2 protein chains.
Amino acid sequence: MINLDKLKQIYKFSKELSIEDASVLIKSAKNISFKKKEILIDEGSLKTTVFFIKKGIVRCYCINEKGEEITFGLITENQIISNIDTILYDRPSNFYFEALEETKTFSIDYSIVENIIESNPKLQKNRKFFAQKMMKLQHERVKSFVLLNPEERYLDFIKKNPTLVNRVPGKYIANVLGITPVSLSRIRARVVNQKK
Amino acid sequence: MINLDKLKQIYKFSKELSIEDASVLIKSAKNISFKKKEILIDEGSLKTTVFFIKKGIVRCYCINEKGEEITFGLITENQIISNIDTILYDRPSNFYFEALEETKTFSIDYSIVENIIESNPKLQKNRKFFAQKMMKLQHERVKSFVLLNPEERYLDFIKKNPTLVNRVPGKYIANVLGITPVSLSRIRARVVNQKK
DNA sequence: CAAAATAATTAACAAAAGATAATAAAAGAA
DNA sequence: TTCTTTTATTATCTTTTGTTAATTATTTTG
């Protein structure tokens, strides 16, 4: 049975797919939903599923030597979650991926995507596109740490992620910015006062 | 004329090259050296040359709104320099790349590498390998900002870059770590005292 | 809705970082 | 080598951050 929603998702990935490949993707890809607090990928996991978030927020976190959860990233609508430790380096995940809201994904195993890309030279540019996007995000983030102080980093974050700010506990955002929740709270107070 | 040094460099990139492609690379690739303080890539440049550093150090820096030079990264032996703004995003370089020492490179235009990769499916994994390596470096760096404080970041840096520390002015390292040179100096003093 | 749990803010203090300037040390050039 | 320039360290002071704990606000859940 052809599923229109799936077709739309696949179309987002590439308009270069043959009918055959598209049908492989449609058969293999699933709509998977997660309840709040559910884990998409566990630490230590070797899962190679790629999740495209249609709706919701997922936080990526690890546990430091002190046993504290440190949120590394927040992933939301139209972004991709993958166990990069496994997909890129064949190692178990260093991170947990947890849904912060009811989260709907369109997901598929990476090996299937990989096979289809391998057999379709035209799709190489698609892969390149994703790799570039990921690189750019990482690069921008490093830049924000090198060039900005915590307050500027916070302002930059809310500018780039306006939808996240009011949906996610601030303590997670603090982690992402490399500061403590207490410090974030003070920065917020400062920013509000400066505006007045 | 076949150049043994060039052959070695090319061999480092891939053992999957055909004789034809290897000879294209050998013809196109050049050994280029830079004197201290010479610029490899200028801000605003659209140059797509890829430099493999055989010997030397290059710093990548930009100029912030206050007109100060901020060193973003330090690249050294067996690492690659490229104008990622142009190669990945077709935009002029945001950075300057300056030799900090007499620097010897093996260099080639990216378009040539690209053509050869395009026509050799086997080399795709080579490209993937480089992309992965870059991603990993960026990712590790973000991790160091999120999980470590400036002192830990410095210790992590000297552990991972033991050869750089005594060859490069500390003020550049401070920038890379996202702190001021004065602060780095204090951290160093602290670390020495703690050891005693 | 009320109780319980979670998160955010605020306070108080210690530690570290930024800024600026002075001094010392090191490196480069004549 | 000596002079000059650059870099590193130290001092002083201000600002910010981390830490811990108490308080307040918000969310969750029975």
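All values derive from a computational prediction rather than experimental measurement.
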**Request:** Take V176(B) and R141(B) through the test side chain to side chain contact (heavy atoms under 4.5 Å, CB included) and record every step on the way to the result.
**Result:** CA-CA 10 Å; V176(B) 171; R141(B) 197 162 170 200; 3.5 Å; yes
**Message:** How many whole angstroms separate atom CD1 of I70(A) from atom C1' of dG18(D)?
**Reply:** 13 Å
**Request:** Would you check if K36(A) and L100(A) make a side-chain contact, meaning some heavy-atom pair closer than 4.5 Å?
**Result:** no
Write out a two-atom table: protein N or O, nucleotide N or O from nucleotides 15-23 of chain C, distance below 3.5 Å.
{"residue": "dA17(C)", "atom": "OP2", "partner": "R190(B)", "partner atom": "NH1", "Å": "3.1"}
{"residue": "dA17(C)", "atom": "OP2", "partner": "R190(B)", "partner atom": "NH2", "Å": "3.2"}
{"residue": "dG18(C)", "atom": "OP2", "partner": "T180(B)", "partner atom": "N", "Å": "3.4"}
{"residue": "dG18(C)", "atom": "OP2", "partner": "T180(B)", "partner atom": "OG1", "Å": "3.0"}
{"residue": "dG18(C)", "atom": "OP2", "partner": "S183(B)", "partner atom": "OG", "Å": "3.4"}
{"residue": "dG18(C)", "atom": "N7", "partner": "R186(B)", "partner atom": "NH2", "Å": "2.8"}
{"residue": "dG18(C)", "atom": "O6", "partner": "R186(B)", "partner atom": "NH1", "Å": "3.3"}
{"residue": "dA19(C)", "atom": "N6", "partner": "R186(B)", "partner atom": "NH1", "Å": "3.3"}

**Request:** Take the protein atom NZ of K171(B) and the nucleotide atom C1' of dA8(D), then report the distance between them rounded to whole Å.
**Result:** 11 Å
**Request:** Sorted by first residue and then second, give each ring-ring contact (aromatic ring centres under 6.0 Å, His included) pair with at least one member in residues 139-162 of chain B; sequence neighbours left out.
**Result:** F72(A)-H139(B), F95(A)-H139(B), F145(A)-F145(B)
**Request:** Give the rounded distance in Å between these two atoms: CG of L100(A) and P of dT27(D).
**Result:** 15 Å
**Request:** Would you kindly give the CD-to-C1' distance between E69(A) and dA7(C), to the nearest whole Å?
**Result:** 14 Å
**Request:** Mind checking side chain to side chain contact (heavy atoms under 4.5 Å, CB included) for K30(A) and listing every partner two or more places apart, or none if nothing turns up?
**Result:** I32(A)
**Prompt:** Is there a donor in the side chain of K54(A) and an acceptor in the side chain of N78(A), or the other way round, less than 3.5 Å apart?
**Reply:** no
**Item:** From CA spacing to verdict: side chain to side chain donor-acceptor pair (under 3.5 Å), T86(B), N83(B)
**Value:** CA-CA 6 Å; T86(B) 303; N83(B) 180 350; 2.9 Å; yes
**Item:** Separation of atom CZ in R167(A) from atom P in dA8(C), rounded to whole Å
**Value:** 16 Å
**Asked** Got a sec, which residues hit side chain to side chain contact (heavy atoms under 4.5 Å, CB included) with I53(B), two or more places apart in sequence or on another chain?
**Response** V58(B), I75(B), I81(B), T103(B)
Distances for protein N/O vs nucleotides 25-30 of chain C N/O pairs under 3.5 angstrom?
{"residue": "dG28(C)", "atom": "OP1", "partner": "K36(B)", "partner atom": "NZ", "Å": "2.5"}

**Asked** Roughly how many Å is it from CD in E152(A) to C1' in dT17(D), rounded to a whole number?
**Response** 15 Å
**Asked** With sequence neighbours left out, what residues match K66(A) under side chain to side chain contact (heavy atoms under 4.5 Å, CB included)?
**Response** N64(A), E68(A)
**Message:** Whole angstroms only, please: what is the CZ-P distance between R188(A) and dT16(D)?
**Reply:** 18 Å
**Asked** Taking 4.0 angstrom as the limit, do E102(B) and K55(B) come out as a salt bridge?
**Response** no
**Request:** Would you kindly give the CD1-to-P distance between I173(A) and dA7(C), to the nearest whole Å?
**Result:** 13 Å
